[in-house]
2 protein chains.
Amino acid sequence: MNEFNEYFKSAFTVDNVIFGFDEGDLKVLLIKRGEDPYRGKWGLPGYFVYPNEDLDTAAIRVLEELTGLRNVFLEQVKTFGSVNRHPFGRVITVAYFSLIKISHYTLQPSSIARKAKWHSVSEVTGLAFDHDEILKACFHRLKWLVRSRPVGFELLPPKFTLTELQHLYEAILETSLDKRNFRKKILSMDLLIDLDETQEGVAHRPARLYQFDRNRYEELLSEGFSFELKESKKKERTTERAASSSPQTA
Amino acid sequence: MNEFNEYFKSAFTVDNVIFGFDEGDLKVLLIKRGEDPYRGKWGLPGYFVYPNEDLDTAAIRVLEELTGLRNVFLEQVKTFGSVNRHPFGRVITVAYFSLIKISHYTLQPSSIARKAKWHSVSEVTGLAFDHDEILKACFHRLKWLVRSRPVGFELLPPKFTLTELQHLYEAILETSLDKRNFRKKILSMDLLIDLDETQEGVAHRPARLYQFDRNRYEELLSEGFSFELKESKKKERTTERAASSSPQTA
DNA sequence: AAAGAATGTGTAATATGTACACTAATATGC
DNA sequence: GCATATTAGTGTACATATTACACATTCTTT
């Protein structure tokens, strides 16, 4: 019984990978570190877990403390525990990820995090610790999840156009999708409410606005429906314009 | 820098969920605990991680020490860290899982594990700690994985019949599959080598034996092939016999 | 040689996925 | 106000995949 105290003990932390979507681009929330190690470097918002705190609770608390984000649903992804991942000693970290609507939240970084800022996922590199690797794992999870759960709607504002939705899927899947097929597929799922409104102030034909029908989704789920969106099989899709420039019959 | 030592530290462990398949039944490897807490109870083979040991390495070592299994490929699934999951103090555990061919290994339990034995997954309950929950999470992962990776072959002996393969999939997916459609699908993937041998000593028409073609699989993967096996949509499939007992035209 | 038990096989109907090109609606610049 | 630029929105034919379904075959046992 007492031997228990003799077992090696390590510090442990949680790190949060928060994805958002803005300006047609997938973003991740990073903080500028105000503490050693890696002071002044960008990293994921993460910190130590308290002794009598569950992991999920810690992730929520730490996120709020560092960035000001509240009530964010976080999902565990993977645990990183390489011996030398932290310069001060053995630290095991549990990575969490989440998807949020950027416009719904205000960032209020604490002093530990000097700044909190959204960065384009595609441009992020050179983060503190092994955070590049953690980000990669979470992005991979997102890619995986997007095909079997309607996660896209978490990232968009409540009202969105089908083109915005498509661009989001293209950003996550890192591929291009056929407009007509994408629309047909999405609309056939019966998960969107057509708001009978259109965009305003755009210099082109305004698009219809839609809303995700969460109740309908729950209902369909309980009927055994499963959301499925496949990655297109062709790697590089040629545009229609390009393809039609060399027709067989002139 | 010195403050680092002030952060709360917890003990941490790895737990392994090893699946096997035998007698048409999905099994999990459990040990009978020879140590407190839960001495004499069944639980997952798991133990403490060393200070200068990576998590994956620890999982492999612990598995071997407790059960005698060597060279098993383990994959991280989830981390469990509820405050009260261990009666002696705060212990965070990282769960790993693996699939093995039961007949290929000999169990050699250590003294810490008084016994190591295969149990039918469907019958396991009342394990030590939160191991019921960990098992459930790993089974869920297996179900998920089976649809996108040819994991079934890891569980079968090198030579197997299509019926055995089908039964395995049925056990994992907890559903029944149509024989002809299953065969058509599997064979069309071009992942099996027909060994031109048949079963011996069975009291019925002997089945052909097949082998998984791992090289072909790697080859197909690099060509962008993706293994996909859907769960059948109908929950309860009626058997043909039953269905044909009430034909429209006599 | 008859009965029992599991193997092995094909086809038609339906559903899903894919490729692809033009018209419609708005804002802006002239 | 008219031409231009820009994005929205729409349909169909073809190929592929999924589903439902029944019976002859080959072996052992009695």
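When reading the values below, keep in mind they use all heavy atoms of this one structure, side chains included, and skip hydrogens, waters and symmetry mates.
- For the pair A/K101 and A/Y105, the cation-pi criterion (under 6.0 Å, within 45° of the ring axis) is not fulfilled.
- One atom, NZ of A/K179, and another, C1' of C/dC22, lie 10 Å apart when rounded to the nearest Å.
- Two rings, from A/F160 and A/F153, have their centers less than 6.0 Å apart.
- Within the structure, a side-chain polar atom (N or O) of B/K185 is placed less than 4.0 Å from OP1 or OP2 of D/dT18.
- The nearest heavy atom of DNA chain C to B/L209 and to B/H204 marks one nucleotide each, and the one closer to the 5' end goes with B/H204.
- Electrostatic pairing of B/K159 and B/E197 counts as a salt bridge here, judged by a charged N lying under 4.0 Å from a carboxylate O.
- Taking atom CZ of B/R180 as the reference point, atom P of C/dG10 lies 10 Å away to the nearest angstrom.
- Taking atom CZ on B/R208 and atom P on D/dT26, their separation rounds to 12 Å, with Å as the unit.
- Nearer to the 5' terminus of DNA chain D, by closest-nucleotide assignment, is the contact made by A/L162 (compared with the other of A/L162 and B/V202).
- Picking from C/dT9, C/dA24, D/dT10 the nucleotide with the shortest atom distance to the side chain of A/R183 gives D/dT10.
- What separates CE of B/M189 from C1' of D/dA17 is a distance of 12 Å, to the nearest Å.
- Side-chain N/O atoms of B/K184 include none lying less than 4.0 angstrom from OP1 or OP2 on C/dG10.
- In this structure, the CG atom of B/N181 is 14 Å from the C1' atom of C/dA15, given to the nearest Å.
- Aromatic ring orientation, A/F19 versus A/F139: tilted (interplanar angle from 30° to 60°).
- The nearest whole Å value for the distance from the CD1 atom in B/I186 to the P atom in C/dT9 is 15 Å.
- Taking for each of B/T163 and B/A203 the nucleotide of DNA chain C with the nearest heavy atom, the 5'-most of the two is the partner of B/A203.
- Using a 4.0 Å cut-off between charged nitrogen and carboxylate oxygen, A/R208 and A/E164 do not count as a salt-bridge pair.
- One atom, CD of A/Q199, and another, P of D/dG9, lie 8 Å apart when rounded to the nearest Å.
- A donor and an acceptor atom never sit less than 3.5 Å apart when one is taken from the side chain of A/R205 and the other from the base of D/dT6.
- Between the CD atom of A/E164 and the C1' atom of D/dT7 there is a distance of 12 Å, given to the nearest Å.
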